[in-house]
Amino acid sequence: MRNIVVLTGAGISAESGIDTFRDGGGLWERHRVEDVATPEAFARDPELVQRFYDMRRAAVQTKQPNAAHHALARLEAEWRGELLIVTQNVDDLHERAGASRVLHMHGTHLNAWCTACDARHRWTGTLIDKPPCPDCGEASLRPDVVWFGEMPYEMERIYAALRGADLFVAIGTSGAVYPAAGFVQDASQLGARTLELNLARSQGSHWFDESRQGPATQLVPQWVEEMLAG
Ligand code: APR
């Protein structure tokens with residue numbers, strides 16, 4: 001057991017105070033995906049979309065990584081093999097906990113993407129006021145987040161890592177959104193052992209060799225202790 005791929009979802013950041021999407025009171029209960037998370041929504045009402053992401057970008061900067069993020073950063077530092085974190089999350093809590101091998105397949109809140117010159121810029125402020133792109137000067141900045149109907153990032157690197165994985169672990173994800181929801185089957189077919197750590201059984205639990213239920217801040221440090229003791 002050398003190469004580990006960990007997929008994380010909104011559930012790993014829930015105990016840091018960041019809303020998940022599909023749990024009770026989650027973001028998609030309060031906002032319609034069709035209004036705030038598609039390219040069509042942005043074309044139709046860019047202010048509504050920018051306001052939604054400005055609000056979330058500001059909120060993320062007030063949150064702190066929790067014990068689950070810190071445990072994964074420790075595993076990255078102390079594990080004898082390779083560890084890659086593939087996150088669906090657009091927050092930067094993995095990195096703020098000290099992890100460096102992190103792929104954001106759905107983008108990140110803290111980048112703005114210029115659709116005129118294709119540049120990406122670190123961004124902590126707002127976009128609703130149409131600031132000019134620091135490179136080309138066009139007022140064409142949008143959140144660097146992958147919306148429904150758009151291609152996720154880093155797919156080639158993710159599949160290459162799945163091909164080399166001995167262990168695939170999914171943490172805090174409902175298994176509702178593809179292609180991430182299909183990684184467990186890909187990893188399994190490629191010979192990896194698969195483990196789910198989630199508050200409740202997910203839509204894909206039956207695909208995993210093992211599924212443990214509980215809060216990430218308990219399950220992840222426990223699992224990391226096991227791996228490092230092994
Ligand atoms: N600890 C562990 N798991 C938790 C916790 C917790 N404290 N709180 C919630 N969960 C679990 C829930 O049981 C649920 O299965 O996290 C999962 C969160 O599911 P979603 O809200 O659907 O989030 P996620 O799976 O990351 O969504 C995938 O959908 O909306 C899009 O692009 C968005 O990246 C997102 C993608």
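Read the numbers this way: they start at 1 and go in the same order the structure lists the ligands and their atoms. All of these numbers come straight from a predicted model, not from anything done at the bench.
- Partners of F208 according to the ring-ring contact (aromatic ring centres under 6.0 Å, His included) rule, which considers only residues two or more places apart in sequence or in another chain, do not exist here.
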Would you sort out whether R193 and E210 count as a side-chain contact (heavy atoms from CB on, under 4.5 Å), showing the intermediate values? CA-CA 9 Å; R193 182 167 161 66; E210 183 185 356; 3.2 Å; yes
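- Atom 6 (C) of ligand 1 has as its closest protein heavy atom G11 O, 3.4 Å.
- In Q88, the parts holding a heavy atom less than 4.0 Å from any atom of ligand 1 are both the side chain and the backbone.
- Exactly one residue among E95, E82, E76 makes a salt bridge (charged side-chain N to carboxylate O under 4.0 Å, His left out) with R101. That residue is E82.
- Protein heavy atom closest to atom 4 (C) of ligand 1, with residue, atom name and distance, is L199 CB, 3.4 Å.
- Note that CZ of R80 is 9.0 Å distant from CG of L228, once rounded to the nearest 0.5 Å.
- Neither the backbone nor the side chain of S202 has any atom closer than 4.0 Å to an atom of ligand 1 (non-hydrogen atoms only).
- Nearest protein heavy-atom contact of atom 9 (C) of ligand 1 is D23 OD2, 3.3 Å.
- No side-chain heavy atom of C117 sits less than 4.5 Å from a side-chain heavy atom of E138.
- Among protein heavy atoms, atom 1 (N) of ligand 1 sits closest to A216 N, 2.9 Å.
- Ranking the protein heavy atoms by distance from atom 25 (O) of ligand 1 puts T173 OG1, 2.7 Å first.
- On a distance-only criterion, A10 and ligand 1 share at least one N/O pair closer than 3.5 Å.
- Counting only heavy atoms of the protein, atom 7 (N) of ligand 1 lies nearest to E15 OE1, 2.9 Å.
- Ligand 1 has no nitrogen or oxygen under 3.5 angstrom from a nitrogen or oxygen of A14.
- Neither the backbone nor the side chain of Y178 comes within contact range of ligand 1; no heavy atom lies under 4.0 Å.
- Residue S16 forms a side-chain hydrogen bond (donor to acceptor under 3.5 Å, both in side chains) with just one option from N66, D91, T217, and that option is N66.
- With respect to atom 15 (O) of ligand 1, the closest heavy atom belonging to the protein is N198 ND2, 2.9 Å.
- Electrostatic pairing of D54 and R57 counts as a salt bridge here, judged by a charged N lying under 4.0 Å from a carboxylate O.
- Neither the backbone nor the side chain of A176 has a heavy atom within less than 4.0 Å of ligand 1.
- H106 ND1, 3.4 Å is the protein heavy atom nearest to atom 32 (O) of ligand 1.
- Residues H206 and S211 bring no donor and acceptor atom of their side chains to less than 3.5 Å of each other.
- Under a 4.0 Å heavy-atom criterion, A68 is not in contact with ligand 1.
- For ligand 1, the atoms closer than 4.0 angstrom to any heavy atom of G9 are 26 (O).
- Heavy-atom contacts of F148 reach the following atoms of ligand 1: 30 (O), 31 (C) (cutoff under 4.0 Å).
- Side-chain contact of E196 with T194: a donor-acceptor pair under 3.5 Å is absent, judged by distance alone.
- For the side-chain hydrogen bond (donor to acceptor under 3.5 Å, both in side chains) criterion with D144, the lone passing option out of Y153, W123, W113 is Y153.
- Close approach of ligand 1 to T20 (heavy-atom distance below 4.0 Å) involves ligand atoms 21 (O).
- With a 4.0 Å cut-off on non-hydrogen atoms, V177 touches ligand 1 through its side chain and not its backbone.
- Ligand 1 is approached by P215 to a heavy-atom distance shorter than 4.0 Å.
- A distance-only check finds a donor-acceptor pair linking the side chain of S205 to the backbone of S202 [under 3.5 Å].
- Between F183 and F168, the ring-plane angle classifies as perpendicular under the 30° and 60° cut-offs.
- Both the backbone and the side chain of R22 come within 4.0 Å of ligand 1, judged by heavy-atom distances.
- Checked by atom type, the side-chain pair D129/T126 shows a donor-acceptor distance below 3.5 Å.
- For ligand 1, the polar-atom distance check against W28 finds a nitrogen or oxygen pair separated by under 3.5 Å.
- Heavy-atom contacts of G172 reach the following atoms of ligand 1: 3 (N), 16 (O), 17 (C), 18 (C) (cutoff under 4.0 Å).
- For the pair M227 and W79, the tightest heavy-atom approach, listed with the atom from each and the gap, is O-CZ3, 3.5 Å.
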